[in-house]
There are 2 protein chains.
Amino acid sequence: MTEDMKIDHFTDDMRLMAGEAAALMKSLSNQARLMILCQLVGGEHSVAALEKNLNTKQPNVSQQLARLRMEGYVQARRDGRTIYYSLADDRVISVIKNLHATFCPT
Amino acid sequence: MTEDMKIDHFTDDMRLMAGEAAALMKSLSNQARLMILCQLVGGEHSVAALEKNLNTKQPNVSQQLARLRMEGYVQARRDGRTIYYSLADDRVISVIKNLHATFCPT
DNA sequence: GGGTAAATATATCAATATTGATATGTGTAA
DNA sequence: TTACACATATCAATATTGATATATTTACCC
């Protein structure tokens, strides 16, 4: 592999991927959303359970969840009046785990 | 490790880390910035070289670079009239490489 | 069934931030 | 002193944010 084989030209495909990746980054760029997703790595949680850990109000949690749901990063399941959220995208799991490894000390 | 040892409570320290991670995510949430950083994984590049691959104008590239520089994610080196940029934060490298692995097919 | 409370969702909105474009400034080489 | 490589200033358009208010869905009790 020669030196000039390094990435110094982006194909349309690569631009597309960069766009998708940037979109995911945008979803993770909010502390509340990031913490929500971080919790969901440990399994599904109800809205109330998620709310307890963020110091924000319920409507805000629901708003962030609605956004993550629209983007396909989480999914919802209803049981009675409780709604449980869980991760729905492997790429999200991958990125969150990597963030945890790089930002959280042992 | 018992089931209830999973993350269902955030310490102040964890909130801090989440904030920092979210800040990095915000920097990566722009396609141009993401592509710039992606190129820089392969080593330092001049502004003109970076510009060639993004379809945006020079001032925009410089603006994004200025932001990344202020945040400490990249560093600049002058040689004559050319300025070479390179990555300055290991966490950025880690995240970018992970993104490449998850988003870019072999 | 009617009424009420719990759990969550949606609507709206003002404040603030981000975006990329245009114009102009700065430093260096020839 | 002209051109090249890059930086900065400014600005209008657009997007994001979290807050408040209200609606929806389900459970429960009478």
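Just so we're on the same page: letters track the sequence lines, and every chain starts at 1. These figures come from a predicted structure and were not determined experimentally.
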Do any N or O atoms from the side chain of B/Ser29 and from the backbone of B/Lys26 form a donor-acceptor pair under 3.5 angstrom?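 Checking the backbone N and O of B/Lys26 against the side chain of B/Ser29, a donor-acceptor pair under 3.5 Å is found.
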
Looking at A/Arg78 and A/Gly80, would you say the former's side chain and the latter's main chain have a donor-acceptor pair under 3.5 Å?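 At least one qualifying donor-acceptor pair exists.
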
Please state how far atom [atom1] in [X] lies from atom [atom2] in [N], giving the value in whole angstrom units.
X: B/Leu50; N: D/dC6; atom1: CG; atom2: C1'; value: 12 Å
X: A/Lys57; N: C/dA9; atom1: NZ; atom2: C1'; value: 18 Å
X: B/Tyr84; N: D/dA5; atom1: OH; atom2: P; value: 11 Å
X: A/Leu54; N: D/dG18; atom1: CG; atom2: C1'; value: 13 Å
X: B/Glu51; N: D/dC4; atom1: CD; atom2: P; value: 14 Å

Is any side-chain nitrogen or oxygen of B/Asn30 closer than 4.0 Å to OP1 or OP2 of C/dT19?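 Answer yes for this pair, as a side-chain N or O of B/Asn30 is under 4.0 Å from OP1 or OP2.
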
Is the shortest side-chain N/O distance from B/Arg78 to OP1 or OP2 of D/dA5 below 4.0 Å? no

Given [options], identify the nucleotide with an atom nearest to the side chain of [X].
X: B/Arg81; options: D/dC6, C/dT10, C/dA29; result: C/dA29
X: B/Thr82; options: C/dT8, D/dA5, D/dT17; result: D/dA5
X: A/Pro59; options: C/dT12, D/dA21, D/dT8; result: D/dA21
X: A/Ile83; options: C/dT8, D/dT16, D/dG18; result: C/dT8

Would you mind reporting whether A/Ser27 and A/Arg67 have side-chain heavy atoms less than 4.5 Å apart?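 A/Arg67 vs A/Ser27: side chains touch.
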
Taking the side chain as everything from C-beta on, heavy atoms only, tell me whether B/Gln31 gets closer than 4.5 Å to B/Leu34. no

Does A/Gln58 get its side chain close enough to the base of C/dA9, under 3.5 Å, for a donor-acceptor pair? yes

